[in-house]
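Written below as structure tokens is the structure these notes are about.
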Amino acid sequence: MTKRRLDPSFYRRDALEVARDILGRTLCRRLAGGTLLRGRIVEVEAYSGPRDRASHAWPGRTARNAPMFAAGGIAYVYLVYGVHHCVNVVTGARDHPAAVLLRAAESPDGLGSASGPGRLARAFGIDRSLDGASLTGPDLWLEAGDGVADSEVGVTRRIGVDYAGAWARRRMRFVIRGHPALSGPRALNRRARTITPRSR
DNA sequence: GGTGCGATTGCA
DNA sequence: GCAATCGCACCA
């Protein structure tokens with residue numbers, strides 16, 4: 001018996017809400033050979049709207065960021081530094097550019113961890129061939145169920161976006177507090193604020 | 001057609 | 001601390 005996939009309605013919401021709700025979910029990847037990789041997501045970042053200075057969508061629509069402008073429910077995968085792939089889940093309505101970057105997960109083999117966006121992409125065999133791919137299709141999806149309680153969620157500023165001025169300081173990164181697979185500075189993770197019902 | 005650089009990682 | 005290594009945004 002296989003678990004249900006999260007459907008498009010899950011993704012077609014505000015990126016901050018989707019980001020928080022992705023924590024604890026299981027990322028699933030079916031490789032060409034048929035192998036199924038599954039791992040629990042423990043760290044994400046939201047990139048939300050045309051005014052988010054840190055977002056790839058900030059300069060407007062381009063060839064690279066086009067998937068971010070689609071309706072939620074597809075992947076946005078790009079190459080950074082010519083070396084590493086980064087995997088995003090596109091969120092919100094069509095023409096509203098927003099996405100959630102998957103930054104860390106428990107490793108698919110259940111042994112180590114996929115700590116950091118580049119390592120996560122590699123561990124799950126995700127590259128640009130999945131850019132624009134459906135998250136309700138056969139290759140890549142999230143399982144329904146398995147969320148985490150607000151008390152387990154930590155919020156911090158995003159990593160590696162210092163160029164974004166005030167937007168760099170906004171609390172748009174969500175983590176499972178104290179999880180060993182978290183990337184980023186330990187001090188930042190320690191200082192992660194607990195989410196409050198009021199902030200939802 | 002040329003130039004600059006990045007939502008990172010691994011190694012010196 | 002810094003090189004790797006490529007797509008692509010932007011300008012001429």
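Order of the sequence lines fixes the chain letters, A, B, ..., with proteins taken first and strands second; residue numbering starts at 1 for each chain. For the numbers below, each heavy atom of this structure counts, side chains included, while hydrogens, waters and symmetry mates do not.
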Notebook entry, point to check: Hey, can you pull the residues of residues 155-192 of chain A with a non-hydrogen atom under 4.0 angstrom from DNA chain B?
Noted result: A:Gly160, A:Val161, A:Tyr163
Checklist line | Sugar-phosphate, base or nothing in reach of A:Ala54, heavy atoms under 4.0 Å | finding: base
Margin query: The side chain of A:Val80 is closest to which nucleotide in this list: C:dC10, B:dG6, B:dT9?
Written below: B:dG6
Notebook entry, point to check: Using purine N1 to pyrimidine N3 plus N6-O4 or O6-N4 for Watson-Crick, or N1-O2 and O6-N3 for G-U wobble, both under 3.5 Å, which nucleotide pairs with C:dC11?
Noted result: B:dG1
Notebook entry, point to check: Which is true for A:Arg122 with a 4.0 Å heavy-atom rule: it touches a base, it touches only sugar-phosphate, or it touches nothing?
Noted result: sugar-phosphate
Notebook entry, point to check: Considering only the P atoms, how many Å lie between B:dG2 and C:dT5, rounded to the nearest integer?
Noted result: 22 Å
Check: Do A:Arg40 and A:Ile176 touch side chain to side chain, with heavy atoms closer than 4.5 Å?
Finding: yes
Check: Atom NE2 of A:His85 and atom CG of A:Leu120: how far apart are they, to the nearest 0.5 Å?
Finding: 12.5 Å
Check: Of all the nucleotides listed (C:dC8, B:dT8, C:dC10), which has the minimum atom distance to the side chain of A:His84?
Finding: B:dT8
Notebook entry, point to check: From C:dC6, C:dA9, B:dG10, pick the nucleotide closest to the side chain of A:Leu79?
Noted result: C:dC6
Check: Would a hydrophobic clustering, with Ile, Leu, Val, Met, Phe, Trp and Tyr connected at side-chain separations under 4.5 Å, put A:Val18 with A:Val87?
Finding: yes
Margin query: Measuring to OP1 and OP2 of B:dT8, would you say a side-chain N or O of A:Arg103 lies under 4.0 angstrom away?
Written below: yes
Item checked: salt_bridge(A:Arg64, A:Asp131) N-O dist < 4.0 Å -> no
Next item on the list: Give the nucleotide from the list C:dT5, C:dA9, B:dA7 with an atom nearest to the side chain of A:Val83.
Entry: C:dT5
Checklist line | Whichever of A:Tyr81 and A:Arg128 has its nearest DNA chain C nucleotide further upstream toward 5' | finding: A:Tyr81
Notebook entry, point to check: Mapping A:Ala63 and A:Gly82 to their closest nucleotides on DNA chain C, which lands nearer the 5' end?
Noted result: A:Gly82
Check: What distance do A:Leu27 atom CG and A:Leu140 atom CG have between them, rounded to the nearest 0.5 Å?
Finding: 5.5 Å
Note to self: Strictly below 4.0 Å, N to O, side chains only: are A:Arg13 and A:Asp21 in salt-bridge contact?
What the structure shows: yes
